[in-house]
S.K.: 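I have a structure here, written as structure tokens, and I will follow up with some questions on it.
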Amino acid sequence: MEQIKNRFVIIDGSSLMYRAFFALPLLTTESGKYTNAIFGFAKMAVKILEELKPEYAAVAFDKSRHTFRSEIYKEYKGTREKTPDELSSQIPMLHEFTKALGIKLIEIDNYEADDIIGTLANKAAREGFETMVITGDRDILQLIQPNLQIVMTKKGITETEIMDETAFKEKYAGLSPKRLIDMKALMGDKSDNIPGVFGIGEKTALKLLTQYQTLDGIYEHINEITAKKLKEKLVTDKDNAYLSYKLATIVCDMPLDFIPTEYSITPDSHALKKICEEYALKSVWTSLNKISGIGEDTAVVMDEDADKYLVANKNMQQKVISQIQTNGYIAYLPVCTGKVPHITCHGLMIASSENNQAVNIFISEADLTSIAGILADKNITKITYDLKSSLHSGLTIAGKTIDTMLAAYMLDPSANEYNLENLSDKYLEREIASYDQKEAIPFGKTAYLLKSVPLKELADILLPLLQEKNLTNLYDNTELPLEKVLANMENIGVYINSEKLQNMSDEIGSTIETLLTDIYKLADIEFNVNSPKQLGEVLFDHLKLPVQKKTKTGYSTNADVLDALRPYHPIIEKILEYRMWSKLKSTYLDGMYNLIDADTQRIHTTFNQTVTATGRLSSSEPNLQNIPVRTDAGKKIRSLFEPAAGYDIFLSADYSQIELRILAHMSDDKNFVEAFKLDQDIHARTASEIFDVPLSDVTADLRRHAKAINFGLVYGKSDYGLAQELNIPRKEAATYIKNYFTKYEGVKKCLDKIVTDAHEDGYTTTLFGRRRYLPGIKSKNFNIRNQNERMAMNTPIQGTAADIIKMAMIATWQEIKKQNLKSRILLQVHDELVIEAVNEEIDILKSILINTMQNIVKLSVPLTIDINTGKNWAEAK
DNA sequence: TACCGGCGG
DNA sequence: TCCTCCCGCCGGTAT
């Protein structure tokens, strides 16, 4: 077995065992033995050997805690039906497996695994061994020191995060690892029966420690603490704090020496094979086969069912490849981990057949080269699911592609999810089992490790359905090619000036602090301003301000309500300000800072192509489609987005009034069309029409009202809503709307027709045929029916705009590529494209954008764009 | 996990 | 599917 010299790994057997037990459903062997704990533990142990390649290793268990801890059981009982016996029956298997792996197992009377780990790790690290502790227990983090890293298991068990001193400090506001003990002394820990100081939580503890470094420090300076209640709490619970400190400290000096030779790893292949067979740990055996020195180097048949998969050996790969060549298509699902732009592909699941039976073959990472030629072969059709993720995985994909996820989205864009299990259920009327097999692939992306990948069958059903619904054109020529563009944009990311970002966050932080003290003073009480519930109580019970509106759960405290309360109390102003700053800080500054990629220093959002019901894209992690712009404070945040080194300028191209222009085209309304043809100010013209004044006499206020109607119109706004927005009587709003539809008769007719059609068809469509089903449109419930009718009116407009910009994006991207430009598209914000550009290319970019965006479709009114440039995104507006 | 509130188009 | 405006994402609190 290949090894890294001097690396010593200690596995927290107790922690992993509990984690595995809770994270996995109860698995049993044929003989009825429970195996979930051993299964998870074994997978983890194998992963450690495979990835960390230690020279020495040990597994520590609690000897005294072999009976299931009742408090943990209580904690989980509500959600999991597992009993203590089911876990304790697996402990001997864990021991057996550890021995077969040739790893020394340590349990010592009267000591917990923590103490064994603390003692051994400390000694090894000090003697210069590169020591790593694998655990799911955060307490262990206190051991971190030079030469000692903690590998924390995250969600589930096989995902891990390596914590060293730097990582720790980053996560815990600069505290050193030892201070974790002080933290716990203050916070306590219910699950470990550590009391802490009553009423102190993580935030307060962190604040105190940042100021006074240690628990001792806090009590030495106890008189400097000005917050009365806090001081009182600390004084009252001083004994508890020090008791907790003791309880939280891991023993590092038990009588146990670190003698390296005792911890050499000496696996026993025979014993391992026997255990894997006996406890049905087929996947563990498969992974063991990948570690040289253990297992056998042959193909492993995972299952004897029709739905089975094979980890392909060389022979099988040849067979599969020739089968693919005969078929002319490959149906595959990549198995990837990591985040853009650091995706690793661990292999491909290939849907194949053997003796006319469905077979899934797993080509592992090491063998990917054998399939690379197929993927790059223009003559072989690729049938896959979520093509964008394939494109991120570094595979070169050529030829005709079929994306079953995208096809399913287009057939019904309102569905909640398009995972393969659902699609198979819906279109093939067949359930895909997923669990045991998805665990069977070593460390893959669990979501798509399914018992079968019926991509070809799905494609055979979905594509004719697209045809039947006239969606083929949009799918082939817009949605599918768009995936490549989006993958490229995501991969490039956008640079954000993190230094400025941090400064801004700090500044706003102190602004917020000041506002808080003001608010507390004005309210004469301290409370959590972030809690609408508490805020409501303060405003309406304590300060007795007039209640404006209620929500389902209590008083409403939203911006409208607060705005109306302004004259009643000076606190309102402060709260509104507080809301604004804390929104900007938490969502945009701190939230985005956490998503800056360490390597690229850029933010790599995800553009979701199968989320919205209307056909728009959405953006997440982070959402870069809702970066502030409307206020000055917001613009400052937008100004943090800058061109990176090698680029000079941001260029933004946005469609002017695209939705209203689409409405003009669809309705063919005489007035509307004329306005756009003459390139008039549409809102001013509307004001002139509905208020019956000459264009030259339209005041700013009249224009504002007209604008509200124009926009509200495409949402199906009611007189009630319009009255609310413009703060005018409902009757007046009703008159506006009536006048509007008298003047714009074509619009009225068009919207009415859309609604009638939707009633008849059960769906509505965009100009390019995109469909949205509206199952509620025939509802007897007035509200639901009305809501569906509003959707029917809005979707063709919003969706058509989405279709158009998608087509324009593809054309722009292709032209940029064709001309070999350095500049590149970074973002799409519904009607805007943001480009990172070099100065020399600005002119050519402008002409490309005008050509593509304005001319990509021919409507009865012109589509125009505004182009702006600037040193950052805020300036390019 | 549900709800509120707030940011964008 | 749930009161009067469509489409989203996200952070915070309370449960």
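The figures that follow rest on heavy atoms only: side chains count, while hydrogens, waters and symmetry mates do not. All figures in this text were calculated on a predicted structure; none of them were measured in a lab.
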S.K.: Looking only at atom P, what distance separates dC10(C) and dT15(C), rounded to whole Å?
M.R.: 25 Å

S.K.: Say we look at dT1(C) and dG6(B): how far apart would their P atoms be, to the nearest angstrom?
M.R.: 28 Å

S.K.: Side chain of Asn781(A), heavy atoms from C-beta onward: which of dC2(C), dC7(C), dC5(C) has the nearest atom to it?
M.R.: dC2(C)

S.K.: Checking all strands, does Ala801(A) fall into the base, sugar-phosphate, or nothing category for heavy-atom contacts under 4.0 angstrom?
M.R.: nothing

S.K.: First locate atom CG of Asp719(A), then atom CD of Glu732(A), and finally report the distance between them rounded to the nearest 0.5 Å.
M.R.: 12.0 Å

S.K.: With rounding to the closest Å, how many angstrom separate the P atoms on dC2(C) and dA2(B)?
M.R.: 13 Å

S.K.: From C-beta outward on Arg730(A), which listed nucleotide comes closest to its side chain: dT4(C), dA14(C), dC9(C)?
M.R.: dT4(C)

S.K.: NZ of Lys585(A) versus P of dG12(C): gap in Å, rounded?
M.R.: 10 Å

S.K.: So Arg772(A), base contact, sugar-phosphate only, or nothing? Heavy-atom distance under 4.0 Å.
M.R.: sugar-phosphate

S.K.: Looking at side-chain heavy atoms only, is the closest gap between Leu849(A) and Ile835(A) below 4.5 Å?
M.R.: yes

S.K.: For Glu789(A) and dT1(C), what is the distance between atoms CD and P respectively, to the nearest whole Å?
M.R.: 19 Å

S.K.: Would you kindly compare Leu595(A) and Pro413(A) by the position of their nearest DNA chain C nucleotide and give the one closer to the 5′ end?
M.R.: Pro413(A)

S.K.: Measure distances between side-chain N and O atoms of Gln798(A) and base N and O atoms of dC7(C), and say whether any donor-acceptor pair falls under 3.5 Å.
M.R.: no

S.K.: For the side chain of Glu621(A), counting heavy atoms from C-beta on, which of dC10(C), dC6(C), dG8(C) is nearest?
M.R.: dC10(C)

S.K.: When the distance from NZ of Lys717(A) to P of dC3(C) is rounded to whole Å, what number comes out?
M.R.: 18 Å

S.K.: How close or far is atom P of dG9(B) from atom CG of Asp654(A), stated in whole angstroms?
M.R.: 9 Å

S.K.: Give Gly776(A) one of three labels, base, sugar-phosphate or nothing, depending on what nucleic acid heavy atoms sit under 4.0 Å from its own.
M.R.: base

S.K.: How far does the P atom of dC9(C) sit from the matching atom of dC5(C), given to the nearest Å?
M.R.: 22 Å

S.K.: Is it true that Ser620(A) and Asn608(A) share a donor-acceptor pair across their side chains at a distance under 3.5 Å?
M.R.: yes

S.K.: Taking only Lys NZ, Arg NE, NH1 and NH2, and the carboxylate oxygens of Asp or Glu, determine whether Arg616(A) and Glu659(A) approach each other closer than 4.0 Å.
M.R.: yes

S.K.: For the pair made of CD in Gln828(A) and P in dG8(C), what is the distance, rounded to whole Å?
M.R.: 14 Å

S.K.: Less than 4.5 Å apart, any side-chain heavy atom of Leu859(A) and any of Leu767(A)?
M.R.: yes

S.K.: Has Asp701(A) got more than 12 heavy atoms of other residues, nucleotides or ligands less than 6.0 Å from its CG?
M.R.: yes

S.K.: Please examine the side chains of Leu833(A) and Ile805(A), heavy atoms only from C-beta on, and report whether any two atoms are closer than 4.5 Å.
M.R.: yes

S.K.: Once each nucleotide of nucleotides 2-8 of chain B is scored for protein heavy atoms under 4.0 Å, what B/S/- sequence comes out, 5' to 3'?
M.R.: -SSBBBB

S.K.: Round to a whole Å and report the spacing from CG of Leu624(A) to P of dG9(B).
M.R.: 13 Å

S.K.: Nearest-nucleotide wise, let me know which of Gln534(A) and Ser618(A) is further upstream toward the 5' end of DNA chain C.
M.R.: Ser618(A)

S.K.: Quick one: are Asp386(A) and Tyr418(A) in side-chain contact, heavy atoms under 4.5 Å?
M.R.: no

S.K.: Are Asp761(A) and Arg771(A) within salt-bridge range, i.e. N to O under 4.0 Å?
M.R.: no

S.K.: Would you kindly give the CD1-to-C1' distance between Ile709(A) and dC5(C), to the nearest whole Å?
M.R.: 14 Å

S.K.: Would you indicate, yes or no, if dC6(C) has its OP1 or OP2 atom less than 4.0 angstrom from a side-chain nitrogen or oxygen of Arg790(A)?
M.R.: yes

S.K.: Do any side-chain nitrogens or oxygens of Gln724(A) fall under 4.0 Å of OP1 or OP2 in dC5(C)?
M.R.: no

S.K.: Please indicate yes or no: is the ring centre of Tyr720(A) less than 5.5 Å from the centre of the six-membered base ring of dT4(C), with the two planes inclined by under 30 degrees?
M.R.: yes

S.K.: Taking the side chain of Lys533(A) as its heavy atoms from C-beta onward, which of dA14(C), dG9(B), dC9(C) lies nearest to it?
M.R.: dA14(C)

S.K.: Indicate, with a heavy-atom threshold strictly under 4.0 Å, whether Ser619(A) touches base, sugar-phosphate, or nothing.
M.R.: sugar-phosphate

S.K.: Has Ser531(A) got a side-chain N or O lying under 4.0 Å from the OP1 or OP2 atom of dA14(C)?
M.R.: yes

S.K.: Could you check how far CG of Asn528(A) sits from C1' of dG12(C), rounded to whole Å?
M.R.: 8 Å

S.K.: Output yes when at least one side-chain N/O atom of Asn783(A) is less than 4.0 Å from OP1 or OP2 of dT4(C), else no.
M.R.: no

